[in-house]
Structures are given as C-alpha cells and as structure tokens.
Student: 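Let me give you the structure first, and then I'll get to my questions.
Below, each value reflects all heavy atoms present in this structure, side chains not excepted, and no hydrogens, waters or symmetry copies. Convention: sequence-line order gives letters A, B, ...; per-chain numbering from 1.
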Protein chains: 2
Amino acid sequence: MDINDLQTFLAVAESGSFSRAAERAFITQPAISKRIAALEAELGAKLFDRVGRRIQLAPAGIALLPQARTILDGVGEAKRRIAALSRDIAGPLRLGTSYHVGLHRLPPALRQFYTAHPNVQLDLRFMDSEAACHAVEQGDLDLAVVTLPRGSNARLRREKVWEDPLEIVVAAAHPLAAARHLRLQALAEYPIILPVPGATTREIVLAALAPVRRNLRIGLETNYLELIKMLVSIGLGWSALPHTLIDGDLKVVQIEGIRIVRELGVVTHAARTLSNAASAIIEAIRATK
Amino acid sequence: MDINDLQTFLAVAESGSFSRAAERAFITQPAISKRIAALEAELGAKLFDRVGRRIQLAPAGIALLPQARTILDGVGEAKRRIAALSRDIAGPLRLGTSYHVGLHRLPPALRQFYTAHPNVQLDLRFMDSEAACHAVEQGDLDLAVVTLPRGSNARLRREKVWEDPLEIVVAAAHPLAAARHLRLQALAEYPIILPVPGATTREIVLAALAPVRRNLRIGLETNYLELIKMLVSIGLGWSALPHTLIDGDLKVVQIEGIRIVRELGVVTHAARTLSNAASAIIEAIRATK
DNA sequence: TATATCCATAACTTTTGAGAATCGAAATCA
DNA sequence: TGATTTCGATTCTCAAAAGTTATGGATATA
C-alpha cells in the first residue's frame with residue numbers, strides 16, 4: 001500500500017469518477033485504474049463497484065474511506081512537524097556547564113535565551129568540564145559550555161568564546177605578596193594549590209609553569225576554583241585563578257614571561273545535527289561575548 | 001512518501017542499525033540506505049546522524065518517530081477493518097499467553113480452533129501476563145489470554161473467562177500440614193514463596209493476605225508457578241496456588257475468612273478492530289469455559 | 001595492529017508505474 | 001433506434017524506481 005494509492009483512492013471516492021480523479025492528479029486515467037486495481041489486489045477486496053459506466057463505493061471502500069483520511073492526515077501532520085523543526089525553536093535542550101562558567105559567564109546569555117524562547121525545555125546540568133565533554137561525546141548532552149579541552153578530539157567541535165586569563169595569586173598577607181620582582185623559582189618554594197588531576201585547568205596551569213614543573217610542590221587539590229580561592233586566601237599556598245575570583249584577600253603576582261590563559265567556550269558533537277534550540281543558545285552565547 | 005519507507009524508518013529507529021533493519025525486512029542493507037536517503041530527501045531533513053559506524057536519531061527523526069507509528073497503526077487498522085468485512089477466518093493471529101494459562105486452560109480451545117480454521121497462521125507466544133498485556137497495548141499482539149490485570153486501563157478490553165481460586169498450600173510433610181484449625185498468624189511465621197514483584201498474581205495474593213502483610217516473610221520469588229509448586233513441596237515455604245497445580249506433595253490449608261481468587265481471561269486492545277481470526281478464537285475460548 | 005562490522009556508493013538488473021492507443025459497454029442524443 | 005459520446009479496462013512500450021552485488025572508507029573490537 002502506498003500513500004499515492006490512498007490519495008488516488010480518496011480522489012476517486014470524492015470525485016466519483018476515475019477520469020476526474022485522473023485530471024485532479026495530473027495523470028492519465030489508465031494510471032488511476034491501475035492504482036485502484038493494485039490497492040484492491042493488496043486488500044483482497046473490491047473498493048468500487050463498476051455499475052455500467054459509473055462507479056460506486058463497495059463495502060470495503062466505505063470501510064477504507066475514513067481510514068484513508070486518517071492515514072493521510074497523519075502523513076500531513078508528520079510533514080508539517082518536520083517542516084516546523086526548521087523554523088521553531090522549541091523542545092528539549094540538554095546543556096552542561098562547569099561551575100565556574102555557569103556562574104560567571106553564562107547567566108546573561110541564559111537570561112536572554114530563556115526570555116526569547118520560552119518553548120524550550122532547558123535541562124541545565126552543572127558538572128566539571130571533562131564530564132560535560134564526555135557527556136556531549138556520548139550524546140547525553142546537546143552541548144557543553146565549559147573550559148575548552150586541550151588536545152584534539154575529532155568527535156567534538158569546539159568554539160572558543162571567551163579567553164580567561166589566570167593570574168598567579170597568593171594571600172594578601174603572604175610573605176611573597178610584598179616582593180617587587182618575583183622569580184618563578186621563588187614561588188616554587190611554596191606549595192601550589194591545583195585543580196584535581198584530569199581537569200583541563202590543571203593541565204593548562206602546569207603547562208604554563210613548565211620551567212619549574214620539576215620543583216613544584218603540590219599542596220592541595222580540589223575540584224572547585226572557589227575552594228582554591230579560599231585555600232589560597234587563608235595562606236595555604238599559591239595558585240592561578242581567573243580575574244572573576246580575585247578580590248582583596250588575594251595579591252596578584254606578576255612573573256616575567258609567564259602568562260596563563262584558558263579558553264572557555266562551547267563544545268558540541270562533531271557529527272550530530274544541532275537542534276534549533278542548541279543553535280540558538282550558541283548564538284546567544286556569542287552575542288554576550 | 002511510502003508506507004514501506006515509514007516501516008523501514010521505524011525498523012531502523014527501533015533496531016538502531018541499517019543492517020539489522022535490512023535483515024528484519026528481508027532486503028539488503030543498501031536498499032535500506034536508499035529508502036532512508038529517499039525519505040530524507042523528500043522531507044528535506046536528516047533523520048539519522050551517522051556517527052562513526054553507528055547511527056542516532058536526528059531531531060527530525062525524533063519528530064517523525066511517533067508520527068510514523070500513528071500512520072502505520074492507521075494502515076494496520078484499515079487492513080483489519082477490510083479483512084473483517086469478509087467472513088473467512090484466515091491470516092495471521094498473534095496470541096500471547098502466560099505459562100500457566102497456556103498450559104492448563106488454553107489447550108482445548110486451541111485444538112478446536114486450530115482444526116476448525118487451518119488457514120490461520122497462529123503465532124503463539126509464551127510470556128508473563130504483564131508483558132503480554134503490554135504487548136497488546138503496543139499492538140504487538142492481537143490478544144492475550146492471561147491472568148487479568150487489576151486496576152483499570154482504558155486502552156485494554158478485558159473479558160473474564162475463568163475464575164481461578166488459589167489455595168494456600170504447604171508441603172505435605174510440613175509441620176503446619178497437620179494442624180486442624182490454622183490461623184493466618186501461625187502461617188506468617190513461615191516464609192512465603194511469591195511470584196516476582198509486578199506480577200498480577202503476586203498482587204492478588206498479597207491483597208488477600210492484607211491482615212498479615214506486615215508480618216509476612218518473603219522467602220523466595222520466581223516468575224513461574226510450577227517453580228513455586230516445586231519450592232513449596234520441598235518445604236521451603238508456603239504459597240497460594242491454583243487447583244491445577246496441587247497434588248499429593250502439597251497440603252491445602254483452609255483459613256477462616258481468606259479466599260484468594262484470580263481471574264483469567266482475554267485481553268485485547270480497546271480501540272483496535274479485531275481480526276476475524278481473533279474474534280473466532282475468543283469465541284472458541286468462551287466455548288470451552 | 002589486524003579484524004570485523006557498519007553505512008555509503010557505484011554498476012547493473014529487475015520491477016514498477018506511467019503514457020499512448022484502443023476496446024467494449026452503456027448512457028445520451030438525434 | 002442507431003449514432004455518438006463517455007467511461008473504465010486492457011495492451012504495449014518505455015522510462016523511472018528500487019532492488020542486488022560488489023566494493024570502499026571509517027571505526028569499533030580483539
């Protein structure tokens with residue numbers, strides 16, 4: 001059974017004539033004859049009684065008529081829904097973000113997006129950047145707004161949105177806070193407080209500190225930059241933190257030749273089609289850059 | 001758009017693979033590829049994302065999936081209605097039955113039906129009652145002959161055919177087997193052997209034992225009454241079993257005020273037209289009541 | 001790293017379906 | 001009543017659609 005056959009059936013039933021149905025469908029009358037014959041063969045029942053040179057719906061045709069309408073309605077609805085996908089921004093959107101990005105970079109974009117597109121069901125999940133990237137790769141998230149991973153992964157598409165410079169900081173009351181020109185070696189005497197192993201930010205900091213990597217004393221590790229800030233400010237060590245976290249409790253230490261920058265942005269699956277909602281929120285994020 | 005294309009789409013979406021869908025449809029994999037490509041071209045949207053060597057539904061595919069089911073249901077209904085117009089009883093009949101009903105209640109009806117209507121292709125599947133009801137609801141079965149579910153489900157039509165009283169039983173050699181007047185509390189001292197959670201029979205037994213439900217010690221669980229019979233007869237606990245399973249190894253224990261009855265019968269989809277074959281076998285089942 | 005699996009593509013073949021021409025039956029008209 | 005028109009069925013031809021086989025590239029898997 002074919003959609004065309006059903007449409008033909010409907011046209012014949014409504015027009016009461018093979019010839020008129022043929023005109024309506026812009027095909028020849030023999031084609032109509034054959035389509036109806038094929039339908040009848042498939043269903044094993046006569047759909048029309050050929051009474052002389054006119055036709056009438058047979059019982060099976062009467063039974064089929066409302067069903068054919070239902071089916072064709074369903075087909076139309078399916079087409080309309082898919083066509084709507086290319087216009088409407090709606091439906092579910094699963095977004096993962098890291099604690100830091102979610103709290104300090106995402107809110108404006110989120111507010112704008114949420115008011116502009118109320119039909120999107122936003123499922124916002126906080127997690128660390130690495131877990132978010134993994135979830136995107138697995139198809140468990142539509143996109144992640146996180147610290148962009150280093151290295152390359154062909155399955156992920158990355159778009160840098162923000163540069164997030166990290167400053168080396170010590171407690172305001174720390175002995176090193178007073179020093180005028182500080183050399184890296186002097187810093188390395190004190191313990192460094194770092195994100196947990198595996199975290200991208202940790203990798204970036206360690207890469208920037210490569211000259212003294214051998215001498216670094218790793219003091220504490222935590223998975224949350226706010227905690228690092230707290231630990232540094234009570235004098236447990238030094239670290240590298242983004243501007244947004246630096247306040248009067250901390251002293252920024254400039255070191256010749258050392259510049260630490262991490263990239264924040266959007267990670268999506270390279271091979272999966274983005275929903276309109278996903279594209280729209282990415283656009284909103286770009287706009288608030 | 002063609003019915004076949006939709007069926008192909010559904011098969012791919014459900015099996016998660018072009019190759020498996022090809023096997024299911026008895027055509028080659030390139031044919032599947034082409035059908036899906038044709039559908040995608042017609043709808044102007046990608047239905048699947050080809051991620052490496054596996055596939056995932058794209059947004060348009062997610063939108064199409066429920067519509068495709070609706071359309072195909074409509075086609076099936078149309079065919080059934082037309083087939084029902086003719087009086088002959090033939091064609092496929094997918095019947096699900098539980099182990100117990102299938103072995104102890106259905107055989108006479110089945111024998112009569114099978115000899116009376118040799119042109120029916122009977123597809124008889126054993127499964128537990130709950131799975132059978134679910135399959136009927138999904139349209140994967142034409143009817144189920146099972147323990148009737150409690151509660152109400154507007155999508156299912158139930159017809160009670162048999163009452164199946166369950167008797168409380170212990171092993172013939174069990175200490176309680178000798179007791180003259182047994183109170184429920186005394187029984188509850190020993191572990192009860194029950195069908196697995198979710199099984200209707202379990203619910204019925206537990207509802208009947210409501211007075212001591214708190215004190216019940218659930219010893220073992222299994223999904224097959226014959227197994228319960230075996231476990232009880234070797235003395236691992238007590239249970240409630242239908243008469244058909246009770247033999248000399250077991251002792252029936254009468255308890256004042258406790259009567260456990262389950263209902264066995266036919267479950268069909270409330271909104272679907274029954275095929276002639278389905279109506280006929282239901283008639284046969286009623287006749288052997 | 002080798003192997004197996006999976007989807008896409010190309011080349012070829014078969015099947016399907018449309019059109020042109022024509023026929024027979026029956027309604028319509030002179 | 002007989003000629004004419006109308007309508008659906010049939011036949012033949014051809015092009016398009018859809019299937020198969022063979023093969024290739026990419027990627028999980030052992």
Student: Mind checking what makes ring-ring contact (aromatic ring centres under 6.0 Å, His included) contact with B:His269, not counting sequence neighbours?
Tutor: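 Partners of B:His269 under the ring-ring contact (aromatic ring centres under 6.0 Å, His included) test: none.
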
Student: Enter the inter-axis angle for the ends of the helix from C:dT1-D:dA30 to C:dA30-D:dT1 (five pairs per end, rounded to 10°).
Tutor: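 Answer rounded to 10°: the end axes differ by 30°.
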
Student: Tell me: CD of A:Gln56 to P of D:dC7, nearest whole Å?
Tutor: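 Result: 16 Å.
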
Student: Could you tabulate the donor-acceptor pairs under 3.5 Å formed by side-chain atoms of residues 72-85 of chain A, not counting sequence neighbours?
Tutor:
unit_1: A:Glu77; atom_1: OE1; unit_2: A:Arg80; atom_2: NH1; d: 2.6
unit_1: A:Glu77; atom_1: OE2; unit_2: A:Arg81; atom_2: NE; d: 2.8
unit_1: A:Glu77; atom_1: OE2; unit_2: A:Arg81; atom_2: NH2; d: 3.4
unit_1: A:Arg81; atom_1: NH1; unit_2: B:Gln67; atom_2: OE1; d: 3.2

Student: Residues in side chain to side chain donor-acceptor pair (under 3.5 Å) with A:Glu159, at least two apart?
Tutor: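 For A:Glu159, the residues satisfying side chain to side chain donor-acceptor pair (under 3.5 Å) (neighbours in sequence not counted) are A:Arg286.
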
Student: Can you give me every donor-acceptor pair (side chain of residues 136-149 of chain A, partner residue at least two apart or in another chain, under 3.5 Å) with its distance?
Tutor:
unit_1: A:Glu137; atom_1: OE1; unit_2: A:Asn153; atom_2: ND2; d: 3.2
unit_1: A:Asp142; atom_1: OD1; unit_2: A:Arg94; atom_2: NH2; d: 3.0
unit_1: A:Asp142; atom_1: OD2; unit_2: A:Arg94; atom_2: N; d: 2.8
unit_1: A:Asp142; atom_1: OD2; unit_2: A:Arg94; atom_2: NE; d: 3.4
unit_1: A:Thr147; atom_1: OG1; unit_2: A:Arg262; atom_2: NH1; d: 3.4

Student: May I have the distance from A:Ile55 (atom CD1) to C:dA26 (atom P), rounded to whole angstrom?
Tutor: 16 Å

Student: Within the sub-3.5 Å range, which N or O atoms of nucleotides 25-30 of chain D have a protein N or O partner, and how far apart are they?
Tutor:
unit_1: D:dT27; atom_1: O2; unit_2: B:Arg53; atom_2: NH1; d: 3.1
unit_1: D:dA28; atom_1: OP2; unit_2: A:Arg155; atom_2: NH2; d: 2.6

Student: Can you name the residues that form a side chain to side chain donor-acceptor pair (under 3.5 Å) with A:Asn276, not counting sequence neighbours?
Tutor: none

Student: Is A:Ser17 close enough to D:dC7 that one of its side-chain N or O atoms is under 4.0 Å from OP1 or OP2 there?
Tutor: no

Student: Who are the side chain to side chain donor-acceptor pair (under 3.5 Å) partners of B:Ser86, not counting sequence neighbours?
Tutor: B:Asp88

Student: Whole angstroms only, please: what is the CG-P distance between A:Asp49 and D:dA9?
Tutor: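 After rounding, the reported distance stands at 12 Å.
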
Student: Report the residues that fulfil side chain to side chain donor-acceptor pair (under 3.5 Å) with B:Thr268, sequence neighbours left out, ordered by chain and then residue number.
Tutor: B:Arg157

Student: Any chance you could lay out the side-chain contact (heavy atoms from CB on, under 4.5 Å) test for A:Asp128 and A:Asn223, step after step, and finish with the verdict?
Tutor: CA-CA 8 Å; A:Asp128 57 68; A:Asn223 62 341; 5.6 Å; no

Student: What residues, two or more places apart in sequence or in another chain, satisfy ring-ring contact (aromatic ring centres under 6.0 Å, His included) together with B:His134?
Tutor: none

Student: OP1 or OP2 of C:dA8 sitting under 4.0 Å from any side-chain N/O of B:Arg50?
Tutor: yes

Student: Which residue pairs pass the salt bridge (Lys or Arg N to Asp or Glu O under 4.0 Å) test with at least one member in residues 15-37 of chain A, sequence neighbours excluded?
Tutor: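 Every salt bridge (Lys or Arg N to Asp or Glu O under 4.0 Å) pair that includes a residue of residues 15-37 of chain A, provided the two are not neighbours, is A:Glu14-A:Arg24.
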
Student: In this structure, how many angstroms lie between the C1' atom of C:dA18 and the CG atom of A:Asp5, rounded?
Tutor: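 Interatomic distance, CG of A:Asp5 to C1' of C:dA18: 13 Å.
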
Student: Tell me which residues in residues 26-44 of chain B put a heavy atom below 4.0 Å from DNA chain D, sorted by number, or none.
Tutor: B:Ile27, B:Thr28, B:Pro30, B:Ala31, B:Lys34, B:Arg35

Student: Can you check the B:Met1 CE to D:dA18 P distance for me, whole Å?
Tutor: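 In whole Å, D:dA18 P lies 13 Å from B:Met1 CE.
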
Student: Report yes if some heavy atom in the side chain of B:Thr8 is under 4.5 Å from a heavy atom in the side chain of B:Ile36; otherwise report no.
Tutor: yes

Student: Rounded to whole Å, how long is the line connecting atom NZ of A:Lys46 with atom C1' of D:dG8?
Tutor: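 Computing the A:Lys46:NZ to D:dG8:C1' distance gives 13 Å.
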
Student: Measure CD1/B:Ile3 against C1'/D:dA18 and give the value in whole Å, please.
Tutor: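 Interatomic distance, CD1 of B:Ile3 to C1' of D:dA18: 17 Å.
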
